[in-house]
Amino acid sequence: MIGGLFIYNHKGEVLISRVYRDDIGRNAVDAFRVNVIHARQQVRSPVTNIARTSFFHVKRSNIWLAAVTKQNVNAAMVFEFLYKMCDVMTAYFGKISEENIKNNFVLIYELLDEILDFGYPQNSETGALKTFITQQGIKSQTKEEQSQITSQVTGQIGWRREGIKYRRNELFLDVLESVNLLMSPQGQVLSAHVSGRVVMKSYLSGMPECKFGMNDKIVIEKQGKGPADETGKSGKQSIAIDDCTFHQCVRLSKFDSERSISFIPPDGEFELMRYRTTKDIILPFRVIPLVREVGRTKLEVKVVIKSNFKPSLLAQKIEVRIPTPLNTSGVQVICMKGKAKYKASENAIVWKIKRMAGMKESQISAEIELLPTNDKKKWARPPISMNFEVPFAPSGLKVRYLKVFEPKLNYSDHDVIKWSSVPCPAMGRFVTKKDEG
Amino acid sequence: MPHWGADDPLAELRRALANPHVQADRLRYRGVLLRVIRRMTQGADVSGLFLEMVKAGATADLVQKKLVYLYMGTCAPLQPDLALLAINTLRKDCCDPNPMVRGLALRSMCSLRMPGIEEYIQQPVLNGLRDKAPCVRRVAVLGCAKMQKFQGDTDVDGALVNELYSLLRDPDPIVVVNCLRALEEILRREGGVVINKPIAHHLLKRMCDLDQWGQSEVLTFLLRYQPRSEEELFNILSLLDGALKSSSPSVVMAATKLFLEMAKDFPQVQTDVLVRAKGPLLTACTSESRELSFTALCHVRQILGSLPGHFSSHYKKFFCSYSEPQYIKCQKMGVLCELVNDDNVQQVLEELKSYCTDVCTELAQKAIFAIGSIGRMYSEQCVRILTELLRLKQEHITSAVVQAFRDLAWLCPQCTEAICQALSSCEETMQDIEGKQALIWLLGAHGERIPNAPYVLEDFVENVKSEMFPAVKMELLTALVRLFLFRPAECQDVLGRLLYYCIEEEKDMVVRDRGLFYYRLLAAGVEEVKQVLCSPKSDPSLGLLEDQAERPVNKWASEFNTLVPIYGKACWAIVTANLMTETNHGGFPCATPMTAGTESLISEGNKEVLQTRPDSGGLTLIPKAHLTAEQFEKTWLSLAVSCQQALPWHGAADPDTIQTALRVVHIQTIAMSKAGTQPWKAYLSAQDDSGCLFLTELLLETETSEMRLSVKQTEERTEALQSFLSVLQTVMGTVLGLKC
């Protein structure tokens, strides 16, 4: 159980403090500030014990959220709760920032009142909470809404309330993937994995039942090679998913027996599943960095990117971020394509390319002037990172179908699903180790 | 800000709250309330507005109600009298047709922390338990637990407990879980909620309706249940199988723990469970939520302690990536050290090697120590890597490498040769104390194989005057004496200089004593020195074996998914140990500062006797009774001896011990002869709570081995006298016992 919850800004000022149990005194707020936020050294552990009280903290941008307890609790649950708290807050007012927290502090108190009682987590599903939380939608409650509360949470579906109505029923689906790549200085791929998320936005009336299918290897093999031919041209037919987890709404028993993903979606945006693959990852780009130190005050950097997919496809909004040393005084950049700029505030050269077809190559070279320093510490050489959108998923994941049934209202799935958004853009991120030259 | 500034906003807010125009406009009214709450968050005392706020609470506007209740929850303890006014409104709201208002009012009422509240909340809580809206029942169930907290020591209400047990069958899942939580708190003294077979089976059936918090908590409660038969056990395990695959790591961890505990007698099943939990744990370890991944890593290390090969094929998952925070990197290195085997040792060492040059000094050193610890099994490869690192000539790297070498030379004598060869010229890049100590130790212990050892040590001796740390000087002394035994010709002169410096010029007493000690030892002859310094060392393989011993799963299963793996066992022991002593102090309010000072003198067991005895005979000696010597003399002479007794005694009396022991039982020592005087005498005085004085003479006669007690009393009371005598006898007996 959680004894209290505190939210601080980066200076350690208390923005929100809510104590649930008497064993947590007011001085606990200060203990955390003094021992963790104001501590000189790096954070040693997300769990800190001060005077026999455990402080679990997470940080979002420069906001600290700390849960406090004196009991021997289960750490995974406390952290999960803090994440959930962040999710709920984000759903209500967007980014968690000092300003947003200050502006919404009554709402936050209200939320804290609902999702924790006596330190025990209660209902925490954003959709279901909406009926209890008055802030934001400052409209007054009608009779109809009151009756909803009674009917809601009958134990069946905690994440969706009854009687949702939309004039247009819509369902959006996005597959967001991030590629994590570890390369040796010699350019060899040490390990790569894709962690992906299937995010949905549902604006559907009633209690719809949805079914989602993808090219999971096990399913495809089960069905025989039937429908596989049509997908044959873009290389991979099916993918092996290493592990996946689902939103609470997915019926796990059905997934185990038939491997089909069926669910009654919550209202609004939610994350349907998370998955991770490690096999046969299509790396859409290759990044080849070359760094040469010319004397003590000059650095030459050359970065080549090669697109590694079919020429008919187009990658968009490519952004390469090349970190520069802290003592950079000036940068001259030459690039063949796109625009590049040195951003002193971010200590990086940002190179943006609007579009790039497959099997092409582009390069940037930069001369970095350094200020001579007597700082002995070596530059950490952070990795180059890259963001882009490509019309395929690096993991090879494809959405095969998405069906919607609503037994009572009877709207059909073509009106509903925004198929246009299904062959979705994938976001990618490379993390390469720069060569030690 | 002008001086009236602090007071003014409050008055202004009060005016605004009382203004009928504001009250008529809902939005304006709400705006004023918001300002009150904002000031409250900033830490200002707004309890002065309580009356106005209570009035504002009597409204149909739900937002306004919530704001007022939030205010009341914080300010009620400051204004307990006014808070009673609020109770009326709250009780009315508890009967509101809107379930949300009912729930809110009930929750707010239960959270008003003020004395005497329980009599007002009892009825609403009981009504709430039977409310038709689940959200009110949830609040009411936890309200029962809060009520029990208020009542404190009073007996548990049996009817309430029964009602809560029956609510375990409630259709609402959160009510069910809240019932368990409430029962657990209410019945804490009796060992918490009882999970019998029907309840356990009922909970198992409801598992799928619960949310993640509920599931993980119910899984924890199920630990209480002991299945009757093997068949039942396996049925439960197969029912709960789904929980092992849950998307929520906390449920997976709770399920793993339950499985491990339930299958206590089936090691095979336990291993299976850990195999099943491997996937989810690995996912949690690599997840982007750092804190969760830290938690998972701690648990992975715990599992590795029992099953060293468990994660070996997934070693790549534990490679650090650039952006991870330090605490994750440290944990990952720890994991890598433990999962290393013949297949992956090459890759793991390659990876660790790349961390050794990390910009962060601490991480780099950690990586080097990690390689060192892998070296206990794969010494050859590791020594090679560490030797390469020495070439970088970086201060912190060299220091860590030499420390790793020292441990290796001690634990794996077979690699001493290689280490000795690598050591040349690393003294040039060594600044810190640990590194220097390690290097000097190596030069001393294995100096016969390092050709330039005496000359390196000589350099250290030359600079000994500017050396800051006494620990280094001591290490240097030991090393040089050791080396002198093997290479006397090269060392004699240096050793002489060092000893001279340590004895004549050194200001640190510890170093000087060590110098003198070696000087005298050397004076006793070389053979003696050899016997002391080169006698067989403790078996180095012992430590290694202890580290490696596989711990059975059952040893840590009960600690899985608690804070123990996160803090580490030793740390947790310290945290909980402090807790124990604290409660102990609470239990003995009589522990005055005076006795605290003697704690170290009198062993734990004896103290117990001393402290409990004075109360036994209905006699209480007053600690503050103080008699001057003149007063004592006067009273002593005016009284007749009430009682005389002889106690067996041997040897001389130790006045300090006796005095301290007597002070513990509040007997004042007026005068005492010095130790060893013949005959030894002491005069004592004490006073009990009725004002009666006890004056005592102790007379020790060595010839007869007797301690004679003569007690005089200001009031004739035989009962008190007997108790006083028994106290005195106990003390003297204890002191005598201490001497033996």
Side-chain angles (χ1 to χ4, degrees), chain A residues 16 22 42-47 49 52 54 56 58 72-77 79-81 83 105-106 109-110 113 117-118 120-125 132 134-135 138 140-141 146 149-150 153-155 158 180 182 190-191 193 195 243 245-248 252-253 276 377-378 380 382-383 431 433, chain B residues 34 37-38 41 62-63 66-67 70 98-100 107 113 132-135 138-139 142 145-146 149 171-174 178 181 209 211-213 216 220 242 245 247-250 253-254 279-280 283 288-292 294-295 316 319 321-322 325-327 359 561-563 566-567 575 578-579:
Chain A
I16 300 280
D22 293 336
Q42 279 191 30
V43 176
R44 291 268 152 179
S45 153
V47 188
N49 195 308
R52 292 182 290 289
S54 298
F56 297 76
V58 300
N72 187 2
V73 290
N74 143 359
M77 190 167 104
F79 282 128
E80 229 172 283
F81 179 80
Y83 298 147
F105 82 111
V106 173
Y109 273 125
E110 216 178 324
D113 208 33
D117 190 4
F118 209 32
Y120 295 111
Q122 306 285 310
N123 202 345
S124 56
E125 225 28 76
F132 292 99
T134 49
Q135 287 295 306
I138 310 182
S140 66
Q141 286 222 322
Q146 286 184 13
I149 300 163
T150 338
V153 205
T154 44
N180 256 299
L182 206 59
L190 286 176
S191 82
H193 73 257
S195 52
D243 52 49
T245 56
F246 294 102
H247 187 270
Q248 186 192 7
L252 286 175
S253 54
R276 216 162 46 89
K377 272 204 170 165
K378 266 204 331 190
V431 178
K433 279 191 177 171
Chain B
L34 264 169
I37 306 282
R38 193 153 294 182
T41 319
L62 204 61
V63 183
K66 282 199 175 185
L67 293 176
L70 175 64
N98 185 345
M100 209 160 125
R107 188 169 52 223
R113 288 167 216 155
K132 63 180 190 299
C135 66
R138 293 174 187 169
V139 174
L142 282 183
K146 292 179 194 169
K149 264 259 149 74
D172 182 69
I174 298 184
N178 279 357
R181 293 160 171 164
D209 304 337
D211 58 3
Q212 49 183 334
W213 325 117
S216 86
T220 317
K245 281 181 254 161
S247 67
S248 144
S250 66
M253 302 256 245
T283 314
E288 272 163 41
S289 333
R290 310 285 189 210
E291 296 81 14
L292 205 57
F294 172 79
T295 314
K316 280 192 178 163
F319 285 0
S321 73
Y322 174 81
Q326 199 176 341
Y327 54 81
V359 186
N561 201 23
T562 64
L563 287 177
I566 297 193
Y567 286 132
V575 170
N578 281 343
L579 209 67

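Note that the coordinates shown come from a computational prediction; the quantities given were computed from them, not determined experimentally. Computation of the quantities below employed the complete heavy-atom set of this structure, encompassing side-chain atoms and omitting hydrogens, waters and symmetry-equivalent molecules. Residue numbering restarts at 1 for every chain, and letters A, B, ... go by the order of the sequence lines.
Within the 4.5 Å cutoff, no side-chain heavy atoms of A/N74 are placed close to those of B/T562.
Although no hydrogens or angles enter the test, the distance criterion places a donor-acceptor pair under 3.5 Å between the side chain of A/N72 and the main chain of B/L563. Looking at A/T245, its side chain never comes within 3.5 Å of a backbone N or O of B/S247 through a donor-acceptor pair.
With salt bridges taken as basic N to acidic carboxylate O contacts below 4.0 Å, none links A/D22 and B/K149. Electrostatic pairing of B/K146 and A/D117 counts as a salt bridge here, judged by a charged N lying under 4.0 Å from a carboxylate O.
Here A/Y83 contributes atom OH and B/S289 contributes atom OG; the two are 4.5 Å apart, rounded to the nearest 0.5 Å. Note that the CD atom of A/E80 and the CD atom of B/Q212 stand 4.5 Å from one another [nearest 0.5 Å]. Note that the CG atom of B/L142 and the CD atom of A/Q122 stand 5.5 Å from one another [nearest 0.5 Å]. Expressed to the nearest 0.5 Å, how far CD of A/E110 lies from CG of B/L67 amounts to 7.5 Å.
When all heavy atoms are compared, the tightest approach of A/P46 to B/E291 is CB-CG, 3.5 Å. Counting all heavy atoms, side chain and backbone alike, A/S195 lies closest to B/E288 at OG-OE2, 3.7 Å. Nearest heavy atoms, A/F81 versus B/W213: CA-CH2, 3.4 Å. When all heavy atoms are compared, the tightest approach of A/A76 to B/T295 is N-CG2, 3.9 Å.
Both the backbone and the side chain of A/R44 come within less than 4.5 Å of a heavy atom of chain B. Proximity to chain A is limited to the side chain of B/L70, based on heavy atoms less than 4.5 angstrom apart. Within the 4.5 angstrom heavy-atom criterion, only side-chain atoms of B/R107, from C-beta onward, approach chain A. Proximity to chain B is limited to the side chain of A/Y109, based on heavy atoms less than 4.5 angstrom apart. Residue contact with chain A, scored on non-hydrogen atoms closer than 4.5 Å, involves the backbone and the side chain of B/P249 alike.
There is no side-chain donor-acceptor pair under 3.5 Å between B/Y567 and A/S45.
Listed options A/D113, A/I16, A/V43 were ranked by heavy-atom pairs under 4.5 angstrom with chain B; first place goes to A/D113. For chain A, the option among B/R181, B/Q326, B/M253 with the highest count of heavy-atom pairs below 4.5 Å is B/R181. If you tally non-hydrogen atom pairs under 4.5 Å between each of B/G279, B/S216, B/S248 and chain A, the highest count goes to B/S248.
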